[in-house]
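Hydrogens, waters and symmetry mates play no part in the numbers below; they use all other heavy atoms, side chains included. Computed from a prediction, not measured in an experiment: that's the story for all the values here. In the text below, chain A, chain B and the rest are named by the order of the sequence lines, each starting its count at 1.
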Protein chains: 2
Amino acid sequence: MATDGTAPSDGLASVSLAADLSFLMARANALSLAAGNAALRPFGLSVRSFSVLALTVDGHRPTQRDLATFLRLDPSQVVALVDGLQQRGFVERRPDPNDRRANVVVATGEGRGVYSSAVVAARAAERELHSALDPAEREQLAALLRRVAFVD
Amino acid sequence: MATDGTAPSDGLASVSLAADLSFLMARANALSLAAGNAALRPFGLSVRSFSVLALTVDGHRPTQRDLATFLRLDPSQVVALVDGLQQRGFVERRPDPNDRRANVVVATGEGRGVYSSAVVAARAAERELHSALDPAEREQLAALLRRVAFVD
DNA sequence: TATTGTTATACTCTATAACTATA
DNA sequence: TATAGTTATAGAGTATAACAATA
């Protein structure tokens with residue numbers, strides 16, 4: 001392709017890198033992240049803060065440490081994320097009755113309301129991004145990713 | 001699970017977020033990025049700089065603009081990446097004979113040597129990360145990701 | 001002694017705007 | 001008028017170390 005010495009415009013897609021799982025994953029994730037953040041911005045959320053909110057709205061009462069472990073974040077990052085959500089009135093810190101060192105993070109009524117709207121927008125953006133795949137393929141992709149993401 | 005009001009240790013895996021394609025992709029990519037960077041560090045490379053080097057070693061003569069477009073990076077980021085690779089003697093900037101504004105980026109002999117070692121380490125790290133999948137499943141994952149990553 | 005949340009710091013990554021030289 | 005490369009800068013995101021309160 002470029003054996004003639006000319007600069008290709010988009011022939012790069014034929015390079016070995018394009019067969020690289022890591023590269024494909026990075027590229028797909030970049031698109032996913034951008035679409036997710038764009039969809040969540042009107043709600044004052046990012047993919048990151050949405051993830052924290054999602055973990056507090058359906059009956060779980062995670063400590064900040066639980067959030068850090070599950071989201072693979074440093075505890076200091078969770079502090080900043082919970083600060084942001086608390087300032088907007090979406091979550092509250094409550095003392096953990098089982099451990100006086102720990103804070104349990106719970107969604108407020110307002111937080112649950114914002115989440116229920118935001119999750120619809122996020123799912124729509126996700127479907128849009130994966131419109132090249134049919135529902136069965138989407139489930140197949142999720143199953144494969146789950147096995148890679150949760151090897152532990 | 002937490003309907004009794006106690007804080008779960010890892011029950012978060014049952015939350016709706018874990019079924020979220022974007023979340024799974026972000027998590028899988030984070031693992032992939034960490035493994036890739038660790039594997040490439042001994043060569044003085046990161047996943048990012050490795051990608052640039054890979055695009056210059058097999059006969060292509062991309063301009064910096066080509067690199068930015070294909071890697072979905074801002075041109076200013078490509079400047080910094082090429083600077084780093086050039087300082088290590090892995091690539092050179094050459095004037096583009098077809099456009100005096102543009103630089104063509106070409107790998108040096110040393111750059112090609114480092115790449116051929118680094119790509120082995122990167123592929124090994126990738127296989128290790130995806131050890132939960134058999135070869136057919138890995139190809140299936142790559143095919144699905146390719147269709148999401150290259151919708152264009 | 002070890003752990004939870006916190007603060008502080010630094011380093012990478014990302015996004016943006018402006019400038020120059022060419023087209 | 002638009003494009004390639006560059007510079008500068010500011011904002012995210014990430015990683016690390018240290019500290020007070022508690023286990």
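Judged purely by distance below 3.5 Å, without hydrogens or angles, the side chains of Asp66(B) and Thr63(B) pair a donor atom with an acceptor atom. There is a side-chain donor-acceptor pair under 3.5 Å between Glu126(A) and Ser22(B).
Checked against Tyr115(A) for a ring-ring contact (aromatic ring centres under 6.0 Å, His included), the options Phe43(A), Phe50(A), Phe90(A) give a single hit: Phe50(A).
Note: CZ (Arg27(A)) to P (dT14(C)) measures 14 Å, nearest angstrom. Between the CG atom of Asp96(B) and the P atom of dT22(C) there is a distance of 13 Å, given to the nearest Å. Distance, Asn103(B) CG to dT7(D) P: 11 Å, rounded to whole Å. Computed from coordinates, the Leu67(A) CG to dG5(C) P distance equals 9 Å when rounded to whole Å. Atom CG in Asn29(A) sits about 10 Å away from atom P in dT14(C), given to the nearest Å. dT22(C) atom P lies 16 Å from atom CZ of Arg65(B), rounded to whole Å.
Geometrically, Arg65(A) does not engage Phe70(A) in a cation-pi contact, judged by NZ or CZ lying under 6.0 Å from the ring centre and within 45° of the ring axis.
Residue Arg93(B) places no side-chain N or O under 4.0 Å from the OP1 or OP2 atom of dA4(D).
Relative ring orientation between Phe150(A) and Phe23(B) is described as tilted, the plane-to-plane angle lying within the 30° to 60° band.
Panel note: side chain Arg112(A), backbone Val57(A); no donor-acceptor pair is recorded below 3.5 Å.
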Footprint string (nucleotides 10-23 of chain D, 5' to 3'): B base within contact, S backbone only, - free, heavy atoms under 4.0 Å: ---SS-B----BBS
